[in-house]
Amino acid sequence: MPDLPIIARAQAHAHSAAFRSPHSTTTYQALLDRSAALATVLLAGQPDLQEARVALLAPAGPSYVAAQWGLWRAGAVKVPICLTATEPEWEYALTDSGASVVMADAASIPKISPLCARLGLRLIDIDAAAGPAGALPALTSSRRAMILYTSGTTSKPKGVVTTHAHITAQLTSLIEAWQWTAADRIPLFLPMHHIHGIINVTCCALWAGATIEAFTKFDQPAILERVKADAYTLFMAVPTIYVKLIQALEVAEPSERSLIVGGFARMRLMVSGSAALPASVHEKWTALTGQKLLERYGMTEIGMAISNPLHGERRPGAVGQALPGVEIRLRSESGDVITDEDTPGEIQVRGPNVFSEYWGKPAATAESFESDGWYRTGDMAVRETGYYRIMGRLSVDIIKSGGYKLSALEIEAALLEHPHIAECAVIGLPDDTWGEAVSAAVVTKGGLPLALPELRDWCKSRLSVYKVPQRLSVVKDLPRNAMGKVMKPAVRGLF
Ligand code: MLC
Ligand code: AMP
């Protein structure tokens with residue numbers, strides 16, 4: 001039985017650098033060796049973990065990848081969890097996925113070990129676990145590989161299940177479209193519990209035999225130093241990061257600015273995605289650096305689906321055309337497939353890249369597919385002279401802040417636990433930096449006072465910081481319709 005495709009690809013580049021930092025280089029062979037040792041530790045004498053769920057808590061870097069490959073090679077399913085999540089959020093992901101093991105880097109061990117003890121989970125320190133590599137199971141690509149938690153139209157996040165075959169399809173489509181090669185060098189600074197960081201940057205780079213420079217977060221000064229030194233051929237980020245980079249360039253000394261701009265200008269490709277890139281940001285970036293950003297559209301459930309071309313027109317405000325192997329259609333509210341240009345409809349997707357199920361949620365899975373098998377994204381788009389342009393979402397309860405997808409319902413449920421809050425409505429308001437800013441309109445009990453700084457502090461023990469409201473409006477009443485339901489569009493007027 002051959003190895004998993006991702007492992008076979010790594011073996012082909014055994015002696016190349018997979019990761020490079022100012023202090024060290026990690027070859028593909030070193031990652032393969034570490035992952036085989038970790039797989040053996042995980043197996044602990046069993047022949048195959050048979051899709052047991054193994055949570056992964058670690059920053060981007062060689063340890064993360066060694067653990068990812070190790071658990072895959074042992075036959076387990078990876079459940080990456082957010083480094084900065086709160087304990088209740090970790091607990092939800094661990095219990096919902098039925099994880100039996102947590103793999104964490106040395107720095108994360110003290111943070112998660114009380115929870116693992118309480119839930120009775122085995123905890124493995126990725127940086128300490130070592131030993132000889134034993135026999136590993138033979139695996140096929142139809143095995144489940146990953147459960148990624150994504151917020152949506154339900155209060156609690158849903159686990160998106162992909163197999164190794166789905167991941168391979170997502171990767172090969174991007175490798176072909178953006179012509180990744182072993183000569184590519186890319187910085188990795190995105191969170192490692194979402195596909196942008198996992199699939200588009202890490203897995204694509206390692207599939208191609210390219211080299212990654214990992215940062216534990218978006219460390220702008222350190223990254224810009226490396227940009228100046230021509231360290232990268234590729235750059236992938238969310239729109240908020242381009243907004244922040246534009247702000248930094250605008251205030252930089254002219255000599256410093258020209259060094260940074262030179263580094264960006266010499267890259268072979270710069271990509272934006274995960275949220276709408278305003279045409280004005282696209283155009284400003286081109287004016288500053290000469291680079292035309294390539295905007296693409298994707299989603300946890302489908303990987304990347306639509307992209308502007310590597311060669312050809314990259315149109316500001318548009319996301320381009322279907323990626324290789326991916327089928328796209330627009331469907332009207334009445335259920336007709338739209339064939340005309342300029343008529344908006346819901347984006348629906350079909351192909352080997354599309355996930356199989358929401359973990360343990362057959363009803364939610366069934367609802368998200370049409371009866372003819374197309375996945376319903378919930379995003380609206382229109383096709384204009386051959387290119388798709390995203391128009392927004394069908395649900396008002398989904399917010400995108402700095403590239404993170406958030407559920408207004410999840411945030412409302414948390415706010416309702418606040419002792420002063422009687423009613424609330426959460427919406428995303430347009431924001432130049434974050435795309436949308438989480439904004440809460442609240443009615444307090446008996447008119448009790450409530451201020452944003454205290455509310456943010458209170459929320460931070462319950463919600464990841466990027467979900468915490470950035471704007472607050474204390475009101476007497478929420479706008480409700482005759483049925484008593486809050487009218488979210490009217491909530492905007494309260495700010
Ligand atoms: C950080 N903060 C945020 C935030 N990120 N607030 C709202 N929304 C966010 N996204 C908070 C910080 O905690 C801090 O709060 C304050 O804002 C300022 O922080 P900062 O240091 O300026 O921000 P930074 O840490 O640099 O983070 C910004 C960022 C980050 C853009 C780098 O948000 C990020 O990595 N986003 C990418 C998310 C992502 O990968 N999405 C892809 C999902 S997959 P305080 O209170 O401490 O001041 C997907 C599919 C696809 O969407 O198509 O790719
Ligand atoms: P997630 O569920 O976190 O994977 O986020 C996927 C969602 O991000 C999509 O359903 C879109 O709403 C949004 N998205 C991703 N890329 C783009 C883009 N280029 N333009 C607009 N929205 C995008």
Side-chain angles (χ1 to χ4, degrees), residues 60 80 82-84 148-153 157-158 160 170 174 188-202 215-221 223 236-245 247-248 271-279 281-282 293-308 316-320 323 346-347 349 355 368 375-381 388-395 398-407 411 428 431 433-439 452-453 455-457 459-460 463-471:
C82 172
L83 271 179
T84 55
L148 279 180
Y149 278 87
T150 182
S151 294
T153 47
K158 297 192 288 276
V160 174
Q170 294 176 4
L174 290 185
L188 168 60
F189 42 71
L190 293 169
M192 290 304 286
H193 63 293
H194 285 306
I195 57 164
H196 199 159
I198 299 171
I199 298 287
N200 296 28
V201 181
T202 310
F215 298 82
T216 49
K217 67 183 292 272
F218 180 64
D219 180 351
Q220 186 164 292
I223 293 162
M236 296 187 190
V238 298
T240 297
I241 288 180
Y242 289 109
V243 171
K244 287 177 175 237
L245 289 171
Q247 288 163 355
V271 180
S272 174
S274 299
L277 178 72
V281 176
H282 192 297
L293 295 175
L294 180 155
E295 184 176 7
R296 56 52 177 189
Y297 160 88
M299 195 175 188
T300 305
E301 286 87 338
I302 57 174
M304 296 304 109
I306 309 178
S307 173
N308 274 278
V319 289
L323 276 160
E346 183 191 12
I347 304 174
V349 184
F355 80 125
S368 69
Y375 172 67
R376 303 163 56 189
T377 63
D379 289 310
M380 294 291 291
Y388 289 97
R389 181 167 63 81
I390 310 289
M391 302 181 72
R393 287 175 297 267
L394 285 170
S395 168
I398 291 176
I399 300 169
K400 265 267 163 168
S401 172
Y404 283 110
K405 181 158 146 183
L406 314 175
S407 161
I411 300 167
D431 185 276
T433 300
W434 301 105
E436 288 179 305
V438 175
S439 307
L452 183 61
L455 181 66
R456 279 182 64 82
D457 279 348
C459 285
K460 283 178 185 173
L463 297 170
S464 292
V465 67
Y466 49 81
K467 299 178 186 170
V468 172
Q470 299 191 355
R471 298 186 203 168

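One-based numbering, in listed order, for ligands and for the atoms of each. Positions are given from 1, in the same order as the sequence printed here.
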Show the short N or O contacts, below 3.5 Å, that ligand 1 makes with protein N or O atoms; if there are none, say 'none'.
{"from": "ligand 1", "atom 1": "6 (N)", "to": "Q470", "atom 2": "NE2", "distance (Å)": "3.3"}
{"from": "ligand 1", "atom 1": "8 (N)", "to": "S401", "atom 2": "OG", "distance (Å)": "2.6"}
{"from": "ligand 1", "atom 1": "10 (N)", "to": "S401", "atom 2": "O", "distance (Å)": "2.9"}
{"from": "ligand 1", "atom 1": "22 (O)", "to": "K244", "atom 2": "NZ", "distance (Å)": "2.5"}
{"from": "ligand 1", "atom 1": "23 (O)", "to": "K244", "atom 2": "NZ", "distance (Å)": "3.4"}
{"from": "ligand 1", "atom 1": "36 (N)", "to": "G402", "atom 2": "O", "distance (Å)": "2.9"}
{"from": "ligand 1", "atom 1": "41 (N)", "to": "G403", "atom 2": "O", "distance (Å)": "2.9"}
{"from": "ligand 1", "atom 1": "46 (O)", "to": "R456", "atom 2": "NH2", "distance (Å)": "2.7"}
{"from": "ligand 1", "atom 1": "46 (O)", "to": "K460", "atom 2": "NZ", "distance (Å)": "2.7"}
{"from": "ligand 1", "atom 1": "52 (O)", "to": "S274", "atom 2": "OG", "distance (Å)": "3.4"}
{"from": "ligand 1", "atom 1": "52 (O)", "to": "K400", "atom 2": "NZ", "distance (Å)": "2.7"}
{"from": "ligand 1", "atom 1": "53 (O)", "to": "R296", "atom 2": "NH1", "distance (Å)": "2.6"}
{"from": "ligand 1", "atom 1": "53 (O)", "to": "G298", "atom 2": "O", "distance (Å)": "3.3"}
{"from": "ligand 1", "atom 1": "54 (O)", "to": "S274", "atom 2": "OG", "distance (Å)": "2.5"}
{"from": "ligand 1", "atom 1": "54 (O)", "to": "R296", "atom 2": "NH1", "distance (Å)": "3.3"}
{"from": "ligand 1", "atom 1": "54 (O)", "to": "R296", "atom 2": "NH2", "distance (Å)": "2.8"}

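By the 4.0 Å heavy-atom criterion, T377 is excluded from the residues contacting ligand 2. Note on ligand 2: R296 sits in its first shell, one or more heavy atoms being nearer than 4.0 Å.
Summarising the geometry, atom CG belonging to N308 is positioned 6.5 Å from atom NE2 belonging to H282; distances are rounded to the nearest 0.5 Å. Note: M236 CE to T202 OG1 = 10.5 Å, rounded to the nearest 0.5 Å. Between M192 atom CE and I198 atom CD1 the span is 5.5 Å, to the nearest 0.5 Å. Interatomic distance, CG of L452 versus CZ of R471, reported as 10.5 Å (0.5 Å rounding). To the nearest 0.5 Å, atoms CD (E295) and OG (S274) are separated by 10.0 Å.
Contact annotation: the side chain of Y404 never approaches that of S464 to less than 4.5 Å [non-hydrogen atoms, C-beta and beyond]. Proximity of H194 to K405: side-chain heavy atoms (C-beta onward) are nowhere separated by under 4.5 Å. Looking at Q247 and T433, their side chains come closer than 4.5 Å, going by heavy atoms from C-beta outward. Inter-residue side-chain proximity for T240 and K244 is flagged as met; some heavy-atom pair is nearer than 4.5 Å.
Given atom 16 (N) of ligand 2, the protein heavy atom at minimum distance is S274 N, 3.3 Å. When only non-hydrogen protein atoms are considered, atom 5 (O) of ligand 2 lies nearest to K400 NZ, 2.9 Å. Of all protein heavy atoms, the one closest to atom 11 (C) of ligand 2 is D379 OD2, 3.3 Å. Regarding atom 21 (C) of ligand 2, its nearest protein heavy-atom neighbour is A276 N, 3.3 Å.
In summary, the atoms of ligand 2 found under 4.0 Å from a heavy atom of T300, numbered by their order in the structure, are 1 (P), 2 (O), 3 (O), 4 (O). Proximity to E295 (heavy-atom distance under 4.0 Å) selects the following atoms of ligand 2: 18 (C), 19 (N), 20 (N). Taking every non-hydrogen atom of G298 and a distance limit under 4.0 Å, the qualifying atoms of ligand 2 come out as 6 (C), 7 (C), 9 (C), 15 (C), 16 (N). Contact atoms of ligand 2 toward T150: 2 (O) (distance under 4.0 Å to a heavy atom of the residue). Residue-ligand proximity, V319 to ligand 2, at heavy-atom distances under 4.0 Å covers atoms 19 (N).
In this pair, H193 and Y466 present their aromatic rings parallel. The plane angle is below 30°, not in the 30 to 60° band.
If you look at A275 next to ligand 2, the close heavy atoms, those under 4.0 Å, all belong to the backbone. For H194, no heavy-atom contact with ligand 2 is shorter than 4.0 Å.
At a 3.5 angstrom cut-off on N or O pairs, E301 does not count as close to ligand 2. Ligand 2 has an N or O atom lying under 3.5 Å from an N or O atom of K405, backbone or side chain.
I195 and G303 make their closest contact through CD1-CA, 3.9 Å (heavy atoms, listed as atom of the first residue, atom of the second, distance).
Listed for the E301 side chain is no donor-acceptor partner under 3.5 Å among the backbone atoms of F355. Remark: side-chain polar atoms of S439 are paired, donor with acceptor, to backbone N or O of A437 under 3.5 angstrom.
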